Amino acid sequence: MLFAMEMPEPEAPPRAARKSPAAAPPKSELDPADEGGPPTQTDRRSYEPSGAEAIERILADLTEAQREAVVHTDGALLILAGPGSGKTRVVTRRAAHLALTVADARQILAITFTNKAAREMGARIDALGVAHGMTVSTFHAFCAALLRRYADRAGIPRNFTIFDRDDRRSLLKAAIEACGFANSGYTPASAEQEISALKSKMISPVRLREQSGDWRAQMLLPIYEQYEASLAQMGGLDFDDLLLRVADLLESDDDLRSRLEERYRYVLVDEYQDTNACQYKIARLLTRQRGNLCATGDPDQSIYGWRGADIGNILSFERDYPQAKVVRLEQNYRSTKRILALADHLIAGNLRRKAKTLWTENETGATVRVLEFETAQEEAAAVAGDIARQIRAGARADGMAVFYRVNSLSRVIEDELRAAGIPYQIARGVEFYGRKEIKDALAYLRVLVNPADQVSLVRIINTPSRGIGTTTIERLIAAARTKQACVLDALNDTDLVGSLGRSAAKLHEFAALLRKLAAALEMPPRSAVEHVISHSGLRALYSESRDAEDSPAANLDELISAAAAFEDTHPESKLLDWLEHAALVSDVDAVEEDSRKVTLMTLHAAKGLEFDSVHLIGMENGLLPFRREDGGHSRCDIEEERRLCFVGITRAKKRLTLSLARYRMMRGGAVRTTRSPFLDGLPPELIECPASQADSRSADRPVDRGRLPRDIEHWMVGTLVRHPNHGLGQVTDIERGPSRTHVRVRFRDGLTRAYALEFSDLQRVEFDEVGE
DNA sequence: AATATTCCCGTTTTT
DNA sequence: CGGGAATATT
């Protein structure tokens, strides 16, 4: 979400964003002192009295350190803010202070990582009454707006669309096939990961080719090139491109850069510890002349290393900006002494950090509970039971949260909360946009905006089914390619379509449909979405399942509501703006405040939030810290995992419960777990570990929890097995890998089939059972 | 060409 | 277990 986002005119930039009275933004209703509108460089003097009063109010109730950061104006500033240290308060006050003293609000740019954070920061600055005209946005949204505005300079089409993860993967799938790497070990997912990593380090295909050392990277090169070519051809930008293109643009276009520097004289980057190379560069380039970069963050909360974030950016801030003032905010206003001490104890295990002293004047608080259960179900039931008890005791459901390392852990918790009748919400904004019916609707809209978007076009050309099959689609694409046209143009080419035989009539019909739908382009988002859903046939296609709560039809309605909500907050917006917004939602954007619901989310999504009571589940080795098998070696950035745990713990204000299960169902089978090393050696005075729920009962508990790990080591060539579909068979080949055992089995039907033992439905059979 | 079925696969976090 | 893709069926 962004406030004023107009970029300077390329032709005649205002030298110093001065407002004419007509252009002045509406004044805040929240600030009675702000009679004459926000002060600017030209008229500030005449409003000195109210300004001074406002400044006083902004500086009131701040600690010494906080005040130092707030009143700092020019030059680089690093705010090292521990969890719960009032960072947002400092940042918002500082922005307001700048706007009251040295800058016009329009000259301030604040960048966050999520829309939710931007929204909140904007609202809080707004409440101080001086923010109108300030730009508060996420990195990605800011870059998208910039690229849209200066598309010609960036060399991209103005109507580019943002390709999400699924789009990238479908492009990559095609690219891998086109390169003949179908069985090379590259999957769309792995290629996506690697290409994304390269892009976030600003390594283009050209640069990759130059650094010819890495064999595996060279292998990727043709896929990467093909992928980039497809993106370019379809007018698509992926998430990484949004940042990358802006970084390149700012570097190559001095004129634009200096104009933007003139426009945004004060730049604030929140969560600086999570910036990657592109974001670092953007921040640096935007502040090249004045150096007015204020970075805030906490190295101990850097949790996006896997996404290319470089904790080194914040650790070496003082080297990059030698004149930088550094303010440390170490007093915590959020958590109890015990919770904070536990967090502090945990994070002290990391080496790569700036040591800091977290302290609080808050009460000692209850001990942190560490609970061990036999199964994940029991753990979940206990969490639900505890939450129910708190609610009965008068606690608000929205003051409570359940965190987990991986999304898959939410399911058991959901089941138990539902069974207990406890209302909950899950931070999963993105999932909604991943549903089939939603993607279908968005695909229609995207094709209207950007006819070159072949991924979307292929998706909708036969949805709802209109008798256009895969062969027809392939021929159409091929024809378009030979004509050097995009598929939509080909579709509108009567001669070309006519040459496609019997399907021609249907293709004509589809082309006519798109022309009809194109009316949506001129409409505001809500009407556009409604128009397309009802006239595309999607409404009819999905109308059958009307009744169900979570039905496709209901989701389509929700999509319309989402567009309507956007329209409310962005009155002048067009379809394109909403599509862009929709492409950039994050999971945490979906969490409601004051929802009266318990919130379930991943540890990553939890950053920046706080709750009275927190349950952190799945405190198990391999889960938290998460460890992943990777070519024979398990890979794990233990320090980042520890930071993640630190983030989770420090979200809790009053109550914290850490729990684990001795057995956890992982894709069908029960897996035995061990305790997380993060639970080892915690100071006894901080925690309480009630008698383990696990040990006492495990002895007499019948083994009834599905398949337990097999005696894999005893399998050999000749072992007799049974498969639910194929019956009896005999192992003919066995190959033991680091993470899996592959076997070949010859069955009675004479066929030999291969299985990964751990995932297969094979059962071992003893000789005496074979008789049948 | 559309639908039903089987099979095979993977395992994180996300703008 | 659960989703997506290949394959079988009409």
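Protein chains get the first letters and strands the later ones, always in sequence-line order, with residue 1 at the start of each. Please read all numbers here as calculations on a predicted model, not as lab measurements.
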- Item | Position toward the 5' end of DNA chain B (nearest nucleotide), V406(A) or T114(A) | V406(A)
- Residue met sooner reading DNA chain B from 5', once L644(A) and G469(A) are mapped to nucleotides: G469(A)
- Report yes or no: do Y542(A) and D440(A) form a side-chain donor-acceptor pair below 3.5 Å? yes
- Between dA2(B), dT15(B), dT14(B), which one does the side chain of Y304(A) approach most closely? dT14(B)
- Task: Using a 4.0 Å heavy-atom cut-off across all strands, classify N462(A) as base, sugar-phosphate, or nothing.
- Result: sugar-phosphate
- Spacing between K506(A) atom NZ and dA2(B) atom C1', to the nearest angstrom: 12 Å
- When rounded to the nearest 0.5 angstrom, what is the spacing between CZ in R168(A) and CD1 in I162(A)? 12.0 Å
- Message: Is the phosphate of dT14(B) approached by N407(A) (side-chain N or O, under 4.0 Å from OP1 or OP2)?
- Response: yes
- When the distance from CD of Q279(A) to P of dT15(B) is rounded to whole Å, what number comes out? 12 Å
- Item | Length of the CG-C1' vector between D240(A) and dT14(B), whole Å | 11 Å
- Can you tell me, in whole Å, how much space there is between the P of dG4(C) and that of dT13(B)? 15 Å
- Task: Check whether any side-chain nitrogen or oxygen of T471(A) sits under 4.0 Å from OP1 or OP2 of dA1(B), and answer yes or no.
- Result: yes
- Task: Starting at atom CZ of R643(A), determine the distance to atom C1' of dT13(B), rounded to an integer number of angstrom.
- Result: 13 Å
- Rounded to the nearest Å, what distance is computed from the CD1 atom of residue I617(A) to the P atom of nucleotide dT13(B)? 13 Å
- Nearest whole angstrom, please: distance from the C1' of dC1(C) to the CZ of R664(A). 15 Å
- Item | W306(A)-dT13(B) aromatic stacking (under 5.5 Å, under 30°) | yes
- Item | Minimum-distance nucleotide (side-chain atoms of R411(A) versus dT14(B), dG2(C), dT15(B)) | dG2(C)
- Query: Within this structure, what is the CD-to-C1' distance between Q193(A) and dT13(B), rounded to whole angstrom?
  - Reply: 10 Å
- Message: Starting the side chain at C-beta, find the nucleotide from dA2(B), dA1(B), dT12(B) nearest to T472(A).
- Response: dA1(B)
- Do the side-chain N or O atoms of S586(A) get closer than 4.0 angstrom to the phosphate oxygens (OP1, OP2) of dT14(B)? no
- Item | Rounded distance (Å) that lies between atom P of dG4(C) and atom NZ of K173(A) | 12 Å
- Which nucleotide sits closest to the side chain of S465(A): dA2(B), dT13(B), dT15(B)? dA2(B)
- Query: Looking only at side chains, do D240(A) and S196(A) share a donor and an acceptor under 3.5 Å apart?
  - Reply: yes
- Check whether any side-chain nitrogen or oxygen of N115(A) sits under 4.0 Å from OP1 or OP2 of dT15(B), and answer yes or no. no
- Using the aromatic ring of F626(A) (for Trp, its six-membered ring), decide whether it stacks on the base of dT12(B) within the limits of 5.5 Å and 30°. yes
- Assess whether atom CZ of R411(A) is packed by more than 12 heavy atoms of other residues, nucleotides or ligands within 6.0 Å. no
- Message: Base, sugar-phosphate or nothing for F113(A)? Non-hydrogen atoms, less than 4.0 Å.
- Response: sugar-phosphate
- Task: Look at the side chain of R405(A) and decide which nucleotide, out of dA2(B), dT15(B), dT12(B), has an atom nearest to it.
- Result: dT12(B)
- Item | S408(A) side chain near dC1(C) phosphate (N/O to OP1/OP2, under 4.0 Å) | no
- Message: Do Q377(A) and E379(A) pair up side chain to side chain, a donor and an acceptor below 3.5 Å, judged on atom types alone?
- Response: no
- Task: Please work out whether the ring planes of H570(A) and H581(A) are parallel, tilted or perpendicular, with thresholds of 30° and 60°.
- Result: tilted
- Out of dT15(B), dT13(B), dT14(B), which has the shortest distance to the side chain of A605(A)? dT14(B)
